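Lettering of chains follows the sequences in order, A, B, ..., and the numbering in each one begins at 1. In this text the structure is predicted, and so the values were computed from the model without any measurement.
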Number of protein chains: 2
Amino acid sequence: MTAPIQDFAVEQLRKHGYKLTQARWAVILTLAESPSPLAINDLYQQARAHAPDLGLVTVYRTLEILDSLKLVRPVHLMEDYHGYALATPGHTHHVVCQRCKSVVEIEGCDISPFLDRVREETGFHITGHWLELEGICPNCRTKDSGRAEPA
Amino acid sequence: MTAPIQDFAVEQLRKHGYKLTQARWAVILTLAESPSPLAINDLYQQARAHAPDLGLVTVYRTLEILDSLKLVRPVHLMEDYHGYALATPGHTHHVVCQRCKSVVEIEGCDISPFLDRVREETGFHITGHWLELEGICPNCRTKDSGRAEPA
DNA sequence: ACTCTAAATGAAAAACTTTTTCATTTAGAT
DNA sequence: ATCTAAATGAAAAAGTTTTTCATTTAGAGT
Ligand SMILES: [Mn+2]
Ligand SMILES: [Mn+2]
Ligand SMILES: [Zn+2]
Ligand SMILES: [Zn+2]
């Protein structure tokens, strides 16, 4: 069994000399518990369940730190949906369910044939990419059992 | 020789019953002329060269229409860079130069081996993706000849 | 070319989001 | 238990986006 993702985030936070405060724990836990990426305001609302007098500013500040440590990643989709999801460090991607917005992290990727083609056609030296996948999760697919709204 | 991209945008605009106004033309031309994706405010500033009393609201409204017609596409990169680039319709991607921010549109893509793997591992039915590439353009690569700032 | 009218515009205000400032609180080292 | 730098929340400021509305304009009809 793998350690829960929130433990890793907490460990990294400490390792970089940040204090583990109530507010930060509430934000991390909320992200870890969320099946789907959260927009800042939703994250704020939900995190207040864990830390009732949390301030919105602190959510911004915490996200900034988590982002700088690569513990969280912004998720953009074609629609206006735009949120943050906890992520393990290194190169990963996310698939988001169109219907229920649940998100799954994908480790690694191989799109080199495509990258090679781009390199040839454009002459660009490719240094990085950003890839988001959209689909229907198994749950939503089997029947109408998926939630219509992100949890 | 292929028709300039702004002509296509204008044609589509008309085809959908929108008027071709000075303001819209200024916005489209500015996007077409720009070597790099433009954030709303930059687009506004630059477009005023073509239509001096253009209002910022109109830029928002025009972008909304262009977006609904898929004539423009938002470009997100890992950095905070975030702008709009004119795009031909259909499935395309963009490579943006890290250094000078110039953008090139890529038609088509084949990342199916990766998509197959994701399908197997997650059980998601993949319906779409969003992919941005980042790199160094030939110009910036050859020497220090590239501009440091987006033009 | 002139007229007409629905569509589009820009200015201003309102609504919303993000950042800054600062007095108070807290984590965690000693 | 004490201490202190780091972190917090409230409030204000700055920035962004949307709404409203009186005026202008594109372009169809004549
Ligand atoms: Mn990848
Ligand atoms: Mn593609
Ligand atoms: Zn689902
Ligand atoms: Zn370049």
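Across all strands shown, dT24(C) forms a Watson-Crick or G-U wobble pair with dA7(D), both key distances being under 3.5 Å. Across all strands shown, dT19(C) forms a Watson-Crick or G-U wobble pair with dA12(D), both key distances being under 3.5 Å.
The distance between the ring centers of H91(A) and H129(A) falls below 6.0 angstrom.
Rounded to whole angstrom, the span from the CG atom of D53(B) across to the P atom of dT23(D) amounts to 17 Å. Counting to the nearest Å, the P atom of dG28(C) and the NZ atom of K15(A) are 16 Å from each other. Atom-to-atom, CD1 of I40(A) to P of dT17(C) comes out at 10 Å; the value is rounded to the nearest Å. Put simply, CG on L54(B) is 15 Å from P on dA8(C), counting in whole angstrom units. Rounded to whole Å, atom C1' of dA7(D) lies 13 Å from atom CD of E64(A). Rounded to an integer number of Å, the gap from CZ of R14(A) to C1' of dG28(C) is 9 Å. Counting to the nearest Å, the P atom of dA14(D) and the CG atom of N41(B) are 17 Å from each other. Rounded to an integer number of Å, the gap from L56(B) CG to dT9(C) P is 13 Å.
Residues E134(A) and V96(A) form no side-chain contact, since every pair of their non-hydrogen atoms from C-beta on lies 4.5 Å or further apart.
Pairs of residues two or more places apart, or lying in two chains, never qualify as salt bridge (Lys or Arg N to Asp or Glu O under 4.0 Å) while including a residue from residues 18-41 of chain A. Applying the salt bridge (Lys or Arg N to Asp or Glu O under 4.0 Å) test to residues at least two apart or on different chains, the pairs with a partner in residues 115-127 of chain B are D116(B)-R119(B), R117(B)-E121(B).
Side-chain proximity of R61(A) to the nucleotides dA8(C), dT20(D), dA10(D) is greatest for dA10(D).
Listed by residue number, T21(B), A23(B), R24(B) are the residues of residues 20-30 of chain B with a heavy-atom contact under 4.0 Å to DNA chain C.
Here Y44(A) pairs with R48(A) under the side-chain hydrogen bond (donor to acceptor under 3.5 Å, both in side chains) rule; sequence neighbours left out. Applying the side-chain hydrogen bond (donor to acceptor under 3.5 Å, both in side chains) test to Q98(A) and every residue at least two apart in sequence or in another chain returns T127(B).
Using modelled atom types and a 3.5 Å distance limit, the side chains of T92(B) and E107(B) yield no donor-acceptor pair.
Between the side chain of T58(A) and the main chain of L54(A), no donor-acceptor pair closer than 3.5 Å is present. With hydrogens and angles disregarded, a donor-acceptor distance shorter than 3.5 Å links the side chain of R73(B) to the backbone of T88(B).
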Using atom names, set out every protein N or O paired with an N or O of nucleotides 2-5 of chain D below 3.5 Å, distance rounded to 0.1 Å.
none

